[in-house]
Amino acid sequence: MSHETTAAGKRFQITPVRLLVGGILLLGLIVTFLRFTQGLGAVTNLDHNTPWGLWITFDLLCGVALAAGGFVTSAAVYIFGLNKYHSAVRPAVLTGFLGYALVVLALTYDVGIPWRLPYPFLVQPGPSSFLFEVGLCVALYLTVLFLEISPAGLEWLGKSRLRKIVVKMTLVLTILGVVLSTLHQSSLGGLYLIVPSKLHPLWYSSYLPLEFFVSSIVAGLSMVIFEGALSYRFLGHKMDREHIQHKDDLAIGFAKAGSLVLAGYFFIQLTGLAADNDWSYLGTGYGAWYILEMGGFVALPCLLFALGAREKNVRLIRWTAVLAVLGIVLNRFNVSLVAFNWHLASDQRYFPSWMEFVISIFLVTLGVLAYTFVVTRMPVLYEHPEYAEE
Amino acid sequence: MQDFSTLHEFMSFSKGLTYVLMGVMLVALGGLWTFLTSRDEEE
Amino acid sequence: MHRRKFLGLLGAAGAGTVAHNPAVAGTHAVFPGPARQKGVLFDATRCIGCRQCEQGCFEVNGLPQPERPFDDLSVLDSKRRPDAQAYTVVNKYFPGKKDQPVYIKTQCNHCLEPACASSCFVAAYTKTRQGAVVYDPSVCVGCRYCMIACPFEIPAYTYEQAVTPRIMKCTMCAPRIAEGKLPGCVQACPKEALTFGPRDELLHMARERIRQSPDRYIDHIYGEHEMGGTSWLYLSGVPFQKLGLRTDLGTTSAPKLTSGALAAVPMVTALWPILLGGVYFITKRKDLLASRAKKEAVASALEKAQEEHRAELKKVREKAEKEKQAAIDKEIQKAREQAASEQNKEDS
């Protein structure tokens, strides 16, 4: 999706993709206008029984999980010293930053009074709430991500002294990033601890915080693999030799890790079943759905990642990464929408309105556009020659 | 010594204090870290 | 500061901490709730479904005019829930015989440990001294987590409001009861199906009613222990689940459901930096040792190569010396031979 530049300047060609993107942006702006002038009721299908719908489920829960590649990759490189993944750090951190920025943007659509979002921290905190925890840590982490990605921008702008100061903080920022990520990823799961009566027993567990955190690591690893493949395909001309050389190593290494973490996650889920003695639920309709989630989207990618890593089959690894990402998305949808309010009659259940879909797609499109913009201008997929590894 | 009539009141107080403590923890650990590593020779 | 003085201060601080009166510790303490908190007892055996309680609520709270008037009893033919215009609704059920309806009034149960208050990240809910759970719209951000958290599905949201939407929920007429008046619904009820008073007295009253008419009532006071107990209590002649009240909620309060996991949060801050810092140090040291070992290997290899080179050089030099000596000897021999042959020539 790169803009063609000729010696004479930018020549903007109308391609089908650009038409589609333009359409999404236009529609998104219209629905945005409607949401803020007519209220949530005019745009969403949210009701009193289901106050959290597509936006919370996809843009917040999935968005935060899928942006986890930032802390996973920077931890691998700067804390665990796995320097061969160094070229993956900036793209992952950029994705993380854009992902979290979009989460905050999505929240301004979803909450009733968005300009009051700072209230819990500036006016009156409610520290007994897991949502307080989520908000605090997301806000702080967004700052950390911004600082982590700023060297790319600073190199682009030529501010080498400022850049040097920020780079010195890398280790501190990385550790802080892992701490904050652990806190808010797990707290998103913690949100649902308060509703054992509304969440189906197969998905409700006192291990929900741990499950959300561990699966976020899977999401991070898989997204880095997935995005690496996409970046290479569409933006490969922007990558320097180091990036291209290491991309296969990255896929294999992350697949190994992904396999292990998925196995751990599977066992945590299994333990949850045993602890609450939920076995009888497996024979129900919801049980079949749960088995599908755990079997097809946790156990299967675990095995496929292992196979791909052993056979060094990067293609298999890439497709498995897609499967794993879908599994995380499925899990968040299940916890928040499918298994939540399972006790309600079917005519009381919620389904998103088309306008809710528009906004979710609109926000993802903004993210992709922003990513492309940054990556085609700033040293993310390549190393700035002046600042090559010191 | 406060009078807490509900668990929620107690939690709001104790968790509030805990969050402040968490911030202090991070700053203090950062300080200790710097103190420990400041004399490490650059290779 | 002198060391002795410093240590002395430390000791004093330590002693002070120990001698201090132990504050209430959260893990095992039982929180009694506000003393003499009020509640309401609803007796389903007395309710006739006249909806005058709904009208009373509407009048005292300045709620919007409903679509159908309060004396229109046909609304009872479909199930309703409290919504953005009504804090309370009455529903009709046929739990037993076909033409014997039982009515139940639904509204906020003013839990002893409200899930809404526990879940609100801006502390917009308060359990008052009176026992009412009240909502403050002036700080509400509109996150709607309270609606998720409430096990009774009570809070409603004014989604149609574009600029300042808010939660709508029964307030137990907190301002009125603070003045010693009755809540609007209790005041309006013609059948004394609703009784307002101190919660412990209501419990006593309820037990008395059950004791005196065991055939009339199910032997259970709904709200006594559910979700840790509620201020709104229910008596019924038919099983409570037949009246739309969930009996599978358990007795653990909402804050108790989250307190364990919340307690683990600061452990992450305390331990992760240490663990990760440790890994970093270990990795760095490994790398340092590896690079040192590498350097040493290179240095010793270099030295070895130099030594070999020196030995080679020595050999070559010695060889050259030998050859030189041999050449000199040869020359001397040649010269001698030449001198000898010249001598011979002269002799002849």
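Letters go in sequence order (proteins before strands), and every chain restarts at 1. Please read these numbers as outputs of a predicted model, since none were measured by experiment.
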Mind checking the CH2-OH spacing from B:Trp33 to C:Tyr280? Nearest 0.5 Å is all I need.
6.0 Å

Per-residue contact mode, C:Ala263 against chain B (heavy atom under 4.5 angstrom)
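Contact with chain B: backbone and side chain both.
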
Contacting moiety of C:Ser253, where chain B heavy atoms sit under 4.5 Å
side chain

Between [X] and [Y], is any pair of side-chain heavy atoms under 4.5 Å apart?
{"X": "C:Pro273", "Y": "B:Met25", "value": "no"}
{"X": "C:Val268", "Y": "B:Met22", "value": "no"}
{"X": "C:Ser118", "Y": "B:Leu7", "value": "no"}
{"X": "C:Val265", "Y": "B:Lys15", "value": "no"}
{"X": "B:Leu26", "Y": "C:Thr269", "value": "yes"}

Check B:Thr18 against C:Pro266 and note the closest heavy-atom contact, atom names and distance.
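Here B:Thr18 and C:Pro266 meet closest at CG2-CG, 3.4 Å.
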
Using every non-hydrogen atom in the two residues, find where C:Pro34 and B:Ser5 come nearest and quote the distance to one decimal.
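Taking every non-hydrogen atom into account, N-CB, 3.6 Å.
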
Test your reading of the model: is there a side-chain donor-acceptor pair from B:His8 to the backbone of C:Ala117, 3.5 Å cut-off?
yes

If the plane angle is over 60° it's perpendicular, under 30° parallel, otherwise tilted; pick one for B:Phe4 and C:Phe31.
perpendicular

With a 4.5 angstrom heavy-atom cut-off, which part of B:Thr6 approaches chain C: side chain, backbone, both or neither?
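B:Thr6 touches chain C through backbone and side-chain heavy atoms alike.
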
